[in-house]
Amino acid sequence: MTQTPASEMMKLLDDLSIFSAPGSGVTRLLYTSEWSQAQLFLQERMAGFGLKVETDKVGNVYGRLVGRNPDDKVILTGSHVDTVVNGGKYDGAYGIAAAITAIHYLHETFGQPLRSLEVVSFCEEEGSRFPLTFWGSGHVTGMYDGSEADTCADSEGITLRTAMAECGYGSSDDTMNQSIDLIKRDDIKAFVELHIEQGILLEKTSKQIGIVQAIAGQRRFTVRVSGTANHAGTTPMNMRADALTGTAEMLLLLERLAGEAGEPLVATSGRLEIIPNTPNVIPGEVQFTLDIRHSEAEKLERFCTDILSAFNEIAAKRGLTMELTPRLSAPPAPMNSELCHDLERICQKQGRSYRNMVSGAGHDAQLFAPRCPTAMIFVPSRDGISHSPAEYSSTEELGAGLEVLTELLYELAYKEI
């Protein structure tokens, strides 16, 4: 019996999930043995489907179906192969498996395309081993120049440069991996990324496909609130400078104002450190993180300005001091409007329910959006769970995304534009 594209994709996903460190879920960190085995497996699978396989000096893997107009820019699709610790088997890997399957189907069904089609397995996106993200797509788009590898180290003190070298990457004379010297690409006509939603909107609204209009910008801060540590039993309530109660008031205000601002703004404090963190001592200092996201730059900046001003007012009222350290400022990344319209039309043609939406999570697509027409497609995640062994999307849901991706790639690579 001939294998369907969906079953071929699911087999590829299952095979890829085997390459994991011991433990629950899937753990495949950058430049580990599991990561190397996964990338080699994908190279073999791409070659088996007749694609021209190459890797670059940081370990991004490409499989190209050469078009009849080889001088035209390529249509690139794919995602990242790395995972978080104890993650799921769909995040990133789905976009790669679907891209390989779609290109294989198109080649078998329609032959050679007009424009070259290329699948990419980006070496890293998550930031799980080293304290940086988008190491793969960041090189392709020019965000990194490679110098970061000398100073960036993992928790064991191993630098990126050393880890790369141990996997056979990073050297211009490296022949082991058929490396191409040029990492930054200026030959990409369009980039398309298919991904699980990692949220609950599609499932809750019973939609098969999410058409991403923009990837939200992010602002991250570390906030230090300082008061006076003192005896819990001898300090009257009206004479305290309690850093923790001041922080609590700030975070409750954050929740209220973010709710009033409405979608797609979200604001989170995910980590608190209390000093001295002792039951019978009034907290003298609290450090907490602040993560604020919105798809519109102006509204993101306005909310950040307003909430930080309000925090300062709370601190002053309570006799506290506040120090703010910016940690990240990533601008919103709008997707290409024409490709979004194409995806709407494709969903309508295929009879699929869909919704336009903003991605609150970061993705490789956000790096391509300022540089070439970029589109991102979501499929539902059960209970909105991701970065977990419980991450799950059904074969039917994943197959629907595959069919939408396949149709868009056909239009981009096979039709005259």
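When atom types are taken as modelled, the side chain of R129 and the backbone of D154 share no donor-acceptor pair closer than 3.5 angstrom. In this structure, R318 contributes its side chain and D242 its backbone to no donor-acceptor pair below 3.5 Å. The backbone N or O of P380 lies less than 3.5 Å from a partner atom in the side chain of S393, making a donor-acceptor pair. A donor-acceptor distance shorter than 3.5 angstrom exists from the side chain of N60 to the backbone of G136, with no hydrogens or angles considered. Judged by distance alone, with hydrogens and angles left aside, the side-chain atoms of S20 form a donor-acceptor pair with the main-chain N or O of T27 at under 3.5 Å. In this structure, S7 contributes its side chain and Q3 its backbone to no donor-acceptor pair below 3.5 Å. For Y31 (side chain) and V58 (main-chain N/O), a donor-acceptor pair under 3.5 Å exists by modelled atom type. In this structure, the side chain of T247 does not engage the main chain of V286 through any donor-acceptor pair within 3.5 Å. Panel note: side chain R240, backbone A232; a donor-acceptor pair is recorded below 3.5 Å. Remark: side-chain polar atoms of T406 are not paired, donor with acceptor, to backbone N or O of A102 under 3.5 angstrom.
Of the options Y169, Y144, F130, a ring pair (Phe, Tyr, Trp, His ring centres under 6.0 Å) to W135 is made by Y144 and by none of the others.
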Set out, in order, the CA-CA distance, both residues' side-chain angles and the distance that settles salt bridge (charged side-chain N to carboxylate O under 4.0 Å, His left out) for D187 and R64, then state yes or no.
CA-CA 13 Å; D187 63 337; R64 179 179 292 197; 3.5 Å; yes

Show your reasoning for whether salt bridge (charged side-chain N to carboxylate O under 4.0 Å, His left out) applies to E407 and R352.
CA-CA 13 Å; E407 180 64 25; R352 303 196 184 282; over 6 Å; no

What's the verdict on salt bridge (charged side-chain N to carboxylate O under 4.0 Å, His left out) for E203 and R382, showing C-alpha distance, side-chain angles and the deciding distance?
CA-CA 7 Å; E203 183 181 65; R382 185 177 63 184; over 6 Å; no

Would L367 and T374 count as a side-chain contact (heavy atoms from CB on, under 4.5 Å) if you check the C-alpha gap in whole Å, the side-chain angles of each, and the deciding distance to 0.1 Å?
CA-CA 9 Å; L367 274 66; T374 300; over 6 Å; no

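F368 and F122 have tilted rings, their planes meeting at an angle from 30° to 60° on a 0 to 90° scale.
The CG atom of L51 sits 9.5 Å away from the CD atom of E118 when rounded to the nearest 0.5 Å. In this structure, the separation between CD on Q39 and OG1 on T55 is 9.0 Å, given to the nearest 0.5 Å. Note that OG of S394 and CE of M10 are 8.5 Å apart. Values are rounded to the nearest 0.5 Å. A distance of 13.5 Å separates CG in D91 from CD1 in I385, rounded to the nearest 0.5 Å. W35 CH2 to R28 CZ: the interatomic distance, rounded to the nearest 0.5 Å, is 11.0 Å. Atoms NZ and CD1, from K299 and I292 in turn, are 15.5 Å apart once rounded to the nearest 0.5 Å.
A salt bridge between R355 and E197 is absent, with no side-chain N of the basic residue lying under 4.0 Å from a carboxylate O of the acidic one. Using a cut-off of 4.0 Å between Lys/Arg side-chain N and Asp/Glu carboxylate O, K11 and D14 are scored as not salt-bridged. Ionic pairing of E313 and K317 is not present here: no N-O contact between side-chain nitrogen and carboxylate oxygen is shorter than 4.0 angstrom.
In this structure, R185 is not positioned above the aromatic face of F191 in the sense of NZ or CZ being under 6.0 Å from the six-membered ring centre and within 45° of the axis.
When all heavy atoms of E124 and D364 are compared, the closest pair comes out as O-OD1, 4.4 Å.
Within the 4.5 Å cutoff, no side-chain heavy atoms of Y94 are placed close to those of E391.
Annotation: Y414 is in aromatic contact with Y410 [ring centroid separation under 6.0 Å].
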